[in-house]
Amino acid sequence: MSLSYVTPSPSSPWSTYLSQVERVVPYLGPLARWAETLRRPKRALIVDVPIEMDDGRVCHFEGYRVQHNMSRGPGKGGVRYHPDVTLEEVMALSAWMSIKNAAVNLPYGGAKGGIRVNPQELSQKELEKLTRRYTSEIGIIIGPQQDIPAPDVNTNAQIMAWMMDTYSMNVGATATGVVTGKPIHLGGSLGRVKATGRGVFVTGREAARRIELKLDGARVAVQGFGNVGSSAAELFAQAGAKIVAAQDHTGTIFNPNGLDLAELMPVVRAEGGVGGYKNAERIDNEAFWDIDCDILIPAALEGQITAERARRTKARLVLEGANGPTLPEADDMLADRGILVVPDVICNAGGVTVSYFEWVQDFSSFFWTEDEINLRLDKIMVGALKKIWDTADRHHITLRTATFAVACERILMAREERGLYP
Ligand code: NAD
């Protein structure tokens, strides 16, 4: 039976997720009898977040925390601040976290949170109040052993520090392990900030090797130049690739000879986007999808690669830095055209992997070097991708369905072994 509290539209993230689940069910064997577990979140909390604004007004914001599945361990997943956040979107993001955490074999379930807000319209003080009140409201279901939030779109280390402090005040003890992605001196991990982009690079490097695409000189187009997109771009540039285009909410810039990232990054930091960068051609946003490139990295929001854009792209390899960037019909179009997609649920798992390292380091109060972190990350990502690739080859399925097959088997096996309570 479908859920009564959401009516997903055909191209919504939750519909996309459900159709991905349908594709994997035939490969689950006897575990398929548990598949309904995957189609509904374990727990969804909606909270009212009222704050007093700097001018004395009281504003109310809607917040969510969804725990999709916790069969394999505590919930784990980021918190997003965006005006378009909905319960349904957070449900999909939490479900993708279940798949992702299981795909890289982390001892976590999947969760996600969000507030429907445009953080650019808030002062720093208002942002802090919003974060603290939200943390208090969801405090009844989060915790170092229950559910561990992390940064996502428009949230960062400072917001994690406020979340950690608020939770700690409420429980009466400093609980660094309640969130990951914290500042380094508050129990954060070296390498966490760039970990998602690094994971995109590592899986991209492995995929490129398999399809005999040389990174040296490869042309890369990146949509979303925030944490994930810019970190991935920097690593590809270091490997000799040319970042020929970058798009974010401020516009699209193009240089067929490669953008100079050392020059671009300070502009992005100072002006909040790529739009203010002068030493590149400014092109129409829609023209981004027609650019001559070898590798396309969507690293912004969901639903960006439609069937129409999938038909137009010239890339040979798509690396999903963002969560849910490709609609199911676009997935089919890319597969038909022989374009390889490394799906979000493995491609961007580097962030949560280093979040796991952070959580482990917090518990043991013993911290690793950045080289150790990066080496362990590389090893986990390469190993996980290999298992997925072997599964894809064995069943003649896409890497996305193969990732779901590996992950769902782990989740549902845990479900079966634990048994149903009572
Ligand atoms: P961010 O806030 O740092 O950056 C988001 C980027 O997307 C910005 O450059 C923004 O300008 C751009 N953007 C927003 N709307 C856009 C639009 N309509 N068109 C083009 N660009 C647009 O966020 P982030 O942490 O880099 O996250 C990006 C994606 O990666 C999200 O899908 C997120 O869920 C996913 N992700 C993030 C992490 C992480 O560790 N931060 C981990 C896994 C997945």
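Since the model is a prediction, treat every value here as computed from it, not as a measurement. Ligands are counted one by one from 1 in listed order, and the atoms in each one are counted from 1 as well.
- Closest to atom 3 (O) of ligand 1 by heavy atom, among N285, N154, N227, is N227.
- Within the 4.0 Å heavy-atom criterion, the part of A299 lying near ligand 1 is the backbone and not the side chain.
- A392 and T398 get closest at one heavy-atom pair: CB-O, 4.2 Å.
- Ligand-side atoms of ligand 1 in range of G224: 6 (C), 7 (O), 9 (O), 12 (C), range being under 4.0 angstrom from any heavy atom.
- Proximity annotation for atom 29 (C) of ligand 1: of G321, A300, G199, A300 comes nearest, heavy atoms only.
- Note on ring orientation: taking the six-membered ring where Trp is involved, the planes of Y134 and Y81 are perpendicular (angle over 60°, cut-offs 30° and 60°).
- Contact annotation for H82 and ligand 1: no heavy atom of the residue comes within less than 4.0 Å of the ligand.
- Proximity of T196 to ligand 1, defined as any heavy-atom pair under 4.0 Å, is confined to the side chain (atoms from C-beta onward).
- When distances from atom 18 (N) of ligand 1 to the protein are checked, no heavy atom turns up under 4.0 Å.
- R309 pairs by the salt bridge (charged side-chain N to carboxylate O under 4.0 Å, His left out) definition with E286, not counting sequence neighbours.
- Residue Q304 places no heavy atom under 4.0 Å from ligand 1.
- In R80, the part holding a heavy atom less than 4.0 Å from any atom of ligand 1 is the side chain.
- Counting only N and O atoms by type, the side chains of T166 and T135 include no donor and acceptor under 3.5 Å apart.
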Identify every side-chain donor-acceptor pair in residues 265-279 under 3.5 Å, counting partners at least two apart or on other chains, and give the distances.
from	atom 1	to	atom 2	distance (Å)
Y277	OH	E263	OE1	2.6
K278	NZ	G276	O	3.0
N279	ND2	E263	OE1	2.8

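- Side-chain atoms of R337 come within 3.5 Å of backbone N or O of A310 as a donor-acceptor pair.
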